Amino acid sequence: MPKTLIICEKPTATEKIAAALAEGKPRRRKLMGVSYYEFERDGMEMIAVSALGHLFTLKNLRPMRDYPFYDIDWMPVYEADKKAKRTQVFIDVIRELAKDATDYISACDYDVEGSLIAFNVLKYLCGEEAVKRARRMKFSTLTTDELRHSYEHMMPRLDFELIDAGITRHVLDWYWGMNLSKAMSAAVEAAEQRFAKLSAGRVQTPTLKILVERELEIKAFKPEPFWVLSLILNIDGHEVTAEHVRSRFFDRSDAERALAACKEKLARVSAVKVRRYQRLPPPPFNLGDLQSEAYRSFGYAPMRTQQIAQALYQAALISYPRTSSQKLPSTINYRRIIEQLRSSEQYGKFASELLSRLDLRPNEGKKVDPAHPAIFPTGEKPKALSGAQQKIYDLVVRRFLSTFGKPASLESVRVELDVGGELFLLHGRRVLEEGWLRYYGRYGSMEEIVLPQLQEGRELSIKEVKMEERKTQPPPRYNPASIVKEMESKNLGTKSTRAGIVQNLYKRGYIFGNQITVTELGVEVVNTLLRYCPEIVSEELTAEFEHEMEAIQEGKRSREEVIAKARAELDKILMKFKEHQMEIGRSLMKSYRITLMKQRVLGKCPKCGGDLRVTISRITHKRFAGCSNYPKCTNSFPLPQDGTIIPLGSICKECGTPMIQVNRAGRRPYKMCLNPNCRTKSDWRRDVVDTRKK
DNA sequence: GCAAGGTC
């Protein structure tokens, strides 16, 4: 009896593929805790089984004692990474089910990585014959119609061009990243006999470079003074401030001359310009947009938003979150979703309003994704959500509804005021029709500036004309959300990896703070690599990889050719690196030490003004905050033993000790002062009891 | 140890 094994990328996709292809209901089975689905189609027996993303990864075949090192091969992820034990049962189950399979279908996401995931499963778990026989389903959403269509129009073989491109990408990233990381650590070891965990990579290093460049701009920035003139008026008992038409005077005497001209007591309204305009609804969320909106609205780091979105997805409340798409194809049946939302207390009236319209169409954005639509709520009713989950869910639902809303109608008013020939401006803004802004609620809140009725020719009494000195500001620092956005615009990393790569830069000690500052170490790593391997620092490497991948996909270059070229190039770079490793190692270590020392400082000692530093007790080996003036000053505070401690650079309003933030795995970050007896902590114990009661 | 990519 012939049996077809369908390889899918992830469990939820497996379920949908089985449901779409089965005649009748697929039978859900379980083996070693892993679900798979049996069903019939056209008289054939079929089994849909799931991978869990990549089940295989590249690994060095021997310990990597020296570099250059190129001896790598594919291995089960669970063997390479002990923390990924979960993937082992998936491998066992697929191997078991492959035993009596006669035909194979690759039904992973239709992109380079998906093609490779299925290929490795077929090659290492089903055998070479399976690779030759396997066919490929291509689809861009997991809707019944599209899945059936893609089954009917299957590619009769695997997409080896995409697979080859994928393998090459993995190998090149490994070669470049691992060898350069090793080269830096080895340089430190050779020069200082100490281990320092240093890293470089095609994505992380250009990202760090962007941050270093901003750091340099800020350091080189010379604030320039400028002057502003403002006119304070009294209109019908309200105080209103108008700004001079020249928003900045860089020449003080110009500002003074303008000020001197304003000696009159009255300002005359010389023009009133009213403009009506529309603001279109926003496109639906992709992951990057959700991350930056959640940072703006709640201050959540992109990594946190990603984790919360993943939890909501697993609770079947929202669609697949790791997407770059801003499209909502009608096949997701958004009318049904909005109908389901109608029964919700919070969103019901918005949903009803939308459903009463005939033209229900989303305002889509330009970005697409080969495998997933934009993020949308499934319409399921949420049960017991945590506070943070509730917030992200609310944001997703409101954004989704907003996308279908009518444009908002706004009115802006520009009032010109003449004071002795000097022109001042008043700006007002009013929402005429809220449209989609109502659905978006607090996330789209538009500040209204309502001006009193002002007719041309009216004279207003002046309270004061003010001249103030200000300074130009340096360009703003990146924050975790804006650097993720910058990476996206430069095509660095993927939607799934960007937040994690930024987190990694923090973990390495290359950067710190929410307003991102690059450490001495981060700057030195970039400088070193700029000197010896500018290729890895440049965003161009990603672009170059992409060209090579394209050439491979078009059959213009072979995988072997591209890999051999990279090896030759790396050989030269790494040799030069090694020649200079003593000086490289010394300067890396120097900046490493400075960064470590600075990282330990939590703030000023309230007793003596010295530095309070994270210190490890010689006796108990536990960490605490101790004063740098020890033994002259014996001031100290206990610290939590788990998690990362981040100095906040501020002091407690109650007790004056430095504030810190504690980040612990799986818990939400919390802020506290160092003093355990501070009044701010008097209710901590009660909180713990309260939580337990619930 | 060290990358970047997929997944939960």
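Naming: A, B, ... by sequence-line order, numbering from 1 per chain. Keep in mind it's a predicted model, so treat the numbers as computed, not measured.
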Electrostatic pair A:Lys565:A:Glu561 at N-O distance under 4.0 angstrom: no
Side-chain contact check for A:Tyr320: nearest option of B:dG5, B:dA3, B:dT7 is B:dT7
Evaluate the side-chain hydrogen bond (donor to acceptor under 3.5 Å, both in side chains) criterion for residues A:Glu546 and A:Asn491: first the C-alpha distance (whole Å), next the side-chain angles of each, then the deciding distance (0.1 Å), finally the verdict. CA-CA 10 Å; A:Glu546 249 156 31; A:Asn491 199 19; 3.1 Å; yes
Hits for ring pair (Phe, Tyr, Trp, His ring centres under 6.0 Å) against A:Phe119, two or more places apart or cross-chain, chain-then-number order -> none
Counting any heavy atom closer than 4.0 Å, what does A:Arg202 reach on the DNA or RNA strands: base, sugar-phosphate only, or nothing?
-> sugar-phosphate
How about A:Ile332 and A:Pro329: do any of their side-chain heavy atoms sit closer than 4.5 Å?
yes
Review point. Using a cut-off of 4.0 Å on non-hydrogen atoms, how would the nucleic acid contact of A:Gly493 be classed: base, sugar-phosphate, or nothing?
Key: sugar-phosphate
(message) Students often get this wrong, so: under 4.0 angstrom with heavy atoms, is A:Ile501 touching a base, only sugar-phosphate, or nothing?
(response) sugar-phosphate
Between A:Ser496 and B:dG5, is there a contact of a side-chain N or O with OP1 or OP2 at under 4.0 Å? no
Of B:dA3, B:dA4, B:dT7, the nucleotide closest to the side chain of A:Ser199 is B:dA3
- Does a nitrogen or oxygen in the side chain of A:Gln204 sit under 4.0 Å from OP1 or OP2 of B:dA4? yes
**Message:** Would A:Arg214 pass as a cation-pi partner of A:Tyr478, given that its NZ or CZ must be under 6.0 Å from the six-membered ring centre and within 45 degrees of the axis?
**Reply:** yes
note: A:Leu570, atom CG; B:dC2, atom P; distance rounded to Å ~ 19 Å
With the side chain defined as heavy atoms from C-beta on, A:Met178 is closest, among B:dC8, B:dG5, B:dA3, to B:dA3
Within the 4.0 Å heavy-atom criterion, would you say A:Arg508 contacts the bases, only the backbone, or no part of the nucleic acid? sugar-phosphate
When rounded to whole Å, the CH2 to C1' distance for the pair A:Trp174 and B:dC2 reads 8 Å
Q.
Can you tell whether the side chains of A:Arg567 and A:Asp571 come within less than 4.0 Å, N to carboxylate O?
A. no
Check: Does the ring of A:Phe512 carry A:Lys598 above it, NZ/CZ under 6.0 angstrom from centre and within 45° of its axis?
Finding: no
With the side chain defined as heavy atoms from C-beta on, A:Ser181 is closest, among B:dC2, B:dA4, B:dT7, to B:dC2
Atom CD1 of A:Ile7 and atom C1' of B:dG6 are separated, to the nearest Å, by 16 Å
Problem set entry | Ring-face cation contact, A:Tyr532 with A:Lys576, 6.0 Å cut, 45° max | no
Taking B:dA4, B:dG5, B:dC8 as options, the one with an atom nearest any side-chain atom of A:Glu113 is B:dG5
Closest of B:dC8, B:dC2, B:dG5 to the A:His54 side chain is B:dG5
Taken to the nearest whole Å, NZ/A:Lys59 to C1'/B:dA4 is 16 Å
Separation of B:dC2 atom P from A:Met184 atom CE, nearest Å, is 12 Å
Taken to the nearest whole Å, NZ/A:Lys507 to C1'/B:dC2 is 12 Å
Original post:
Hey, does A:Asn179 reach any base, or is it just sugar-phosphate, or nothing, if we go heavy atoms under 4.0 Å?
Top reply: nothing
DNA chain B nearest-nucleotide lookup for A:Thr497 and A:Met64: closer to the 5′ end is A:Met64
Check: Counting only heavy atoms not in A:Lys485, do more than 12 fall under 6.0 Å of its NZ?
Finding: no
Considering only heavy side-chain atoms of A:Lys10, the closest of B:dC2, B:dC8, B:dG6 is B:dC8
From the candidates B:dA3, B:dC2, B:dG5, the one with an atom nearest any side-chain atom of A:Arg169 is B:dG5
To the nearest angstrom, the NZ-C1' distance between A:Lys85 and B:dT7 comes to 18 Å
Look at all strands and tell whether A:Thr87 reaches a base, only sugar-phosphate, or nothing, counting heavy atoms closer than 4.0 Å. nothing
Base, sugar-phosphate alone, or nothing: which one does A:Ser185 contact when heavy atoms must sit under 4.0 Å apart?
nothing
Exercise for review: Apply side chain to side chain contact (heavy atoms under 4.5 Å, CB included) to the pair A:Lys197 and A:Arg508, showing each step before the final yes or no.
Suggested key: CA-CA 7 Å; A:Lys197 196 192 270 187; A:Arg508 293 269 173 281; 3.5 Å; yes
Which of B:dA3, B:dG6, B:dC8 is nearest the side chain of A:Ile117? It is B:dG6
Of B:dA3, B:dC8, B:dG5, the nucleotide closest to the side chain of A:Arg86 is B:dC8
From CD of A:Gln503 across to P of B:dA4 the rounded distance in Å is 14 Å
Residue-phosphate contact under 4.0 Å: A:Lys182 side-chain N/O, B:dC2 OP1/OP2: no
**Message:** So A:Ala200, base contact, sugar-phosphate only, or nothing? Heavy-atom distance under 4.0 Å.
**Reply:** sugar-phosphate
Query raised in the report: Do any side-chain nitrogens or oxygens of A:Arg322 fall under 4.0 Å of OP1 or OP2 in B:dC8?
Result: yes
In numerical order, the residues of residues 67-77 of chain A whose heavy atoms come under 4.0 Å of DNA chain B are none
